[in-house]
Amino acid sequence: MSPRRADTGGRIDRLRTIRFTFDGAPYTGHVGDTLASALLANGVTLFGRSFKYHRPRGLLAAGVEEPNALVTVLRGDVREPNIPATMVEIYDGLVAVSQNRSPSLAWDIGALNQLGGKILSAGFYYKTFMGPAIGPMKGTRFWMFCEHFIRRAAGLGKAGTAPDPARYERMNAFCDVLVVGSGPAGLMAAKAAADQGARVILADLEARFGGSANWSGETIDGAPGADWAGRIVGQLEGNDNVRLLPRTTVWGYYDGNTLAALERVTEHKEVPAKGEPRQRYWAIRAKTVVLATGSFERPLVFPGNDRPGVMLAHAAERYANEYGVLPGERIALFTNNDSAYRSAVALKRAGAAVVAIVDVRSDVSNEMSRLASEAEAELLAGHAVVATEGGKALTGLKVQRFDLMSGALSGDERSIHADCLAMSGGWSPTIHLASQAGAKAEWDPARQAFLPPQPTQRWIGCGAFTGSFSTAEAIAEGRAAGLQAAGGTTSSALLPIVEATPGDPDPAPVFEIKAKGKSFVDFQHDVTAEDVRLAHREGFVSVEHLKRYTTLGMATDQGKNSNVPGLAIMAEALGKPIPEVGTTRFRPPYTAVSIGSLAAERFGDLKPERLTPMHDWHIDNGATMYSAGLWYRPMIYGLPGETVEQAYVREAKATRESAGIVDVSTLGKIAVQGPDAAEFLDRVYTNMFSTLAVGKARYGLMLREDGLAFDDGTTWRLGEQDFLMTTTTANAGKVMQHLEYFLDVIWPELKVTVTSVTDEWAGAAIGGPKARAILAACVTGTAVDNATLPFMGIVHGEIAGVPVMICRLSFSGEMAFEVYSGAGYGTRVWEALIEAGKPFGLVTYGLEALGTMRIEKGHVTGAEIDGRTTARDLHLDWMLSKKKPFIGSAMMDREGLIAPDRLELVGLIALDNRALNGGGHIVEELDEANPHDSIGHITACCYSPALGKYIALALVKGGKARHGTRAFVSDPLRNRFGPIEIVPNHFYDPDGSRMHG
């Protein structure tokens, strides 16, 4: 038998042994054990090291709120750090290691930090690493020197770098009632709602439904609580309208009663079954939510409260009753409320010696005195624990008389030999999801806890979540909540009868025992009571500032244990009541959520992949694809042995000599419709669109409100009240937001609707001297001659029997046409155009050739419209209407935006016939050893087949005045220096004769 495994009791399967390792040492446990309970059964008391001082830490809790016993689980080369040992279900072959220690958990050199004393107090990094005013380390240099070492010390567990081979899933679920939490309240709520015929989802983060019924030792309807819970779960499993989700943490509550949940599907298995994911992400949309999330027991703050062997009283009780593990042989309890007495009796029945119950209250009820006697414990009423003894394990504690009213200690200290101290500082309802749903928590002076806010969404609370801590109250509230959530009124069934240990759940208002020594509030981040008072002395009086300055509540447990004690100490320092000081708002996620689960089936992608309708054709025909924004687009259609430069030069040259075709489906496309559509466009664009004739398109420029250039594109007038706006690929989403904002907020009186139709249209741009002849060979239903389809004209026809819309416009500088069809017919139209172009030498070209031709023509894109340039900087001031106001017109003439030395768009020619690089600086005098005095930078560059030279577009101070002058490119990062000539940005066909011909 293991050193601390009780001979009987618990809900583990003692006949099935599991073997695992922790820090390389082999251990055994049983089915039903967590890593925490199995190690505790093997006599392990040291589980981890604290973040700052590297103090030895043992188990504090038995559930998700555990702040100390964090481990890294290894599966081959994949490592997952910072998992509470209390939430790891053991399985054969489990490999776990401790964290934040070197060289070992038992002997950690980082423990020397404890010698730092007040130097490492709250906010030490803000004060310590500021550089001096003078000297070589002045300013931020000292911080930059220290940063490397600080980052090495940061964090707890070490993240892995090996690819995760696991599979993840995501699911959408809809239900009438979502019940979060499966304790007695949650089980009754789920059953009541299911009996009414509602579609119910019951989710609980534990592996076993039942909550406190599994370990409280209470009797419900004449059966042990765990058996009663199992019977209710069995009834729920038999209902077709109920979905049970064990091992599922509901971690986020969002608008519209949408909740996010994470199911741990196979983390408790040595080998997943075929097709099983590691985790499953659930998006649950519920008509009504029942929150039965229970409560957390709070620790007390006193010197030495972090020593291994000091834990929460309910955790000690749970280890004994649920796992059959004694947390110690000689156990003392320290409390400010009645609940610890039940724990004392349970521990005694499990076989432990309960040596003392230390209660800060001098007036203890007769019933509690009886329970102390039943536990054969010495009752020290009106006393407090003032110190603990031991190193990596508790060996004893010291107590002293305590005055509840004044908080004063008196009399001599008394030593008590114990290897476990179970403490109870009251209970805090788990209101995280309710807080996320909206509204402010409400303080209850009797419970000395924050209770849930008034609902702002459709949720109903029950049980300990609402401050009703008895099982009988929880069952009654759970049934009422389930009935209300399902739209029912009454139930004829009798409520279960509960036989439980009596006790008053209201604690004495004692959070801290002020005695000599470090008293910890946040165990993981080593935040002490004195740190909280220091923050107050240094002026951090807001709870939000307190949190960030001390890091209180910023650990992986997110303050589940420490928030209320920390706020109480802060309130005392301020001389204010706790509700006036307030509390921080809880934000999702409730517990850590893996990125893999959020990505689910798209695991491995950093962002979505958008594919054009012709994507498969591009792949099948040798295109080299790359990401452009969120889209995958062809870069080149390379021939065997070609470099990227050779390929795009060939494609661009062939397009200018005959014809080329490019996929432009990715351009943003927005339908702007309604009686005021033309007026709206006049306000959005710098130039006029109300005068645009039906069947014509016009190039437009948008400014931001501050007068800087925002986006450009063409807009087509398809009808009197019907426009199709095109945007740059990268800015499609931003432009849509821009339009919606002005319609919803600034001009709600305009009768206009805007609809994103980007994915509805497939687009192909065909350009070059023979482009019109190719269209004429395959388009039916309309002519495409110059009279029918002039520059910026629009016609409708068919290609291969597919309706198409064609606009004559050009981005390449050649005569060109954009052909749009329904997305589902994109490939068919694309192939028909290519077939028609074969006799004319038509080539397909990618983004590199497209960029080359636009640079030769001098057109601007996002590289030049970079959020800092104006229309005048880009030589687009001819588009600024003087007949009307528009977005940005009030701000575009500010002094700084019309200064003569602003960066202006120019062209560059490399005089040394070497490639240029985007981002390279332009200088008037070349100094390779000490580059300085930049007058601008390169925005886009290429080899120009039309000019036979390396060229670029650039933004240069006073650019137009520098045409015809020489300067230098200075690019020290890529060791590129050389002479250039500054020329106009229109390298090719500046008069537009080829485009208009």
Side-chain angles (χ1 to χ4, degrees), residues 10-42 62-64 66 69-97 157 160 162-171 182 202-210 214 230 233 237 243-251 261-282 322-325 591-601 603-604:
R11 295 182 58 78
I12 55 171
D13 186 347
R14 295 172 184 264
L15 299 179
R16 296 169 62 190
T17 298
I18 291 176
R19 291 168 176 79
F20 65 96
T21 64
F22 178 65
D23 277 349
Y27 295 96
T28 61
H30 298 289
V31 172
D33 265 325
T34 63
L35 179 61
S37 67
L39 288 175
L40 191 62
N42 282 275
V64 71
E66 172 59 43
L70 302 183
V71 300
T72 296
V73 174
L74 306 178
R75 288 181 181 263
D77 293 331
V78 178
R79 54 189 299 127
E80 185 176 7
N82 301 329
I83 307 177
T86 52
M87 299 301 292
V88 178
E89 298 175 62
I90 62 170
Y91 54 85
D92 273 317
L94 169 68
V95 178
V97 294
D164 184 356
R167 193 172 70 83
Y168 297 80
E169 283 183 355
R170 61 181 151 198
M171 295 285 288
S182 72
L202 175 62
D204 194 288
L205 54 79
E206 298 281 355
R208 183 184 295 122
F209 290 116
N214 289 319
V233 172
E237 286 177 334
R243 183 194 296 269
L244 299 179
L245 294 177
R247 301 184 180 90
T248 302
T249 304
V250 179
W251 56 261
L262 179 68
E263 180 185 3
R264 306 182 306 278
V265 181
T266 61
E267 292 188 357
H268 61 292
K269 297 181 179 181
E270 180 182 6
V271 180
K274 183 177 180 180
E276 278 190 318
R278 177 188 170 217
Q279 294 175 349
R280 185 178 288 121
Y281 165 68
W282 290 86
E322 186 167 4
Y323 301 107
V325 177
T591 58
V593 178
S594 67
I595 295 175
S597 68
L598 296 176
E601 289 84 358
F603 175 69

Can you name the closest pair of heavy atoms from I90 and G29 and give their distance?
-> CD1-CA, 3.8 Å

L262 and W251 have their tightest heavy-atom pair at N-CD1, 3.7 Å

May I have the step-by-step check of side-chain contact (heavy atoms from CB on, under 4.5 Å) for I18 and D92, ending in yes or no?
-> CA-CA 5 Å; I18 291 176; D92 273 317; 3.9 Å; yes

Please answer whether the main-chain N or O of H30 pairs with a side-chain N or O of T17 as donor and acceptor at a distance below 3.5 Å.
-> no

In I12, T34, D33, N214, the residue satisfying side chain to side chain contact (heavy atoms under 4.5 Å, CB included) with E322 is N214

From CG (L70) to CD1 (I83), nearest 0.5 Å = 9.5 Å

Would you say T248's side chain and E263's backbone share a donor-acceptor pair under 3.5 angstrom?
-> no

Here the gap from E89 atom CD to M87 atom CE, rounded to the nearest 0.5 Å, amounts to 8.0 Å

Is a side-chain N or O of D204 found less than 3.5 angstrom from the main chain of P246, in a donor-acceptor match?
-> no

Hey, does Y27 have a side-chain heavy atom less than 4.5 Å from the side chain of F22?
-> yes

For the residue pair G32 and Y323, what are the closest heavy atoms and their distance?
-> O-CE2, 3.3 Å

Taking atom CG of D77 as the centre, report whether more than 12 heavy atoms of other residues, nucleotides or ligands fall under 6.0 Å from it.
-> no

Got a salt bridge between R247 and E267, using NZ or NE/NH1/NH2 to carboxylate O under 4.0 Å?
-> no

Verify side-chain contact (heavy atoms from CB on, under 4.5 Å) between L39 and F20, making sure each step is shown before the conclusion.
-> CA-CA 10 Å; L39 288 175; F20 65 96; 3.8 Å; yes

Step by step, would you call D164 with R278 a side-chain contact (heavy atoms from CB on, under 4.5 Å)?
-> CA-CA 10 Å; D164 184 356; R278 177 188 170 217; 3.9 Å; yes

Which pair of non-hydrogen atoms, one from Y168 and one from S597, has the smallest distance, and what is that distance?
-> CD2-N, 3.5 Å

Can you check side-chain contact (heavy atoms from CB on, under 4.5 Å) on W282 and R280, steps first, answer last?
-> CA-CA 6 Å; W282 290 86; R280 185 178 288 121; 3.6 Å; yes

What closest approach, in Å, do D23 and V97 show between heavy atoms, and which atom pair accounts for it?
-> OD1-CA, 3.3 Å

Would you say the side-chain atoms of N42 pair up with the backbone N or O of T28, donor to acceptor, closer than 3.5 Å?
-> yes

Can you see which heavy atom on L35 is nearest to which on A96, and at what distance?
-> CD2-CB, 3.8 Å

Taking the side chain from R264 and the backbone from L205, do they hold a donor-acceptor pair closer than 3.5 Å?
-> yes

Side-chain (T266) to main-chain (K269) donor-acceptor, under 3.5 angstrom | no

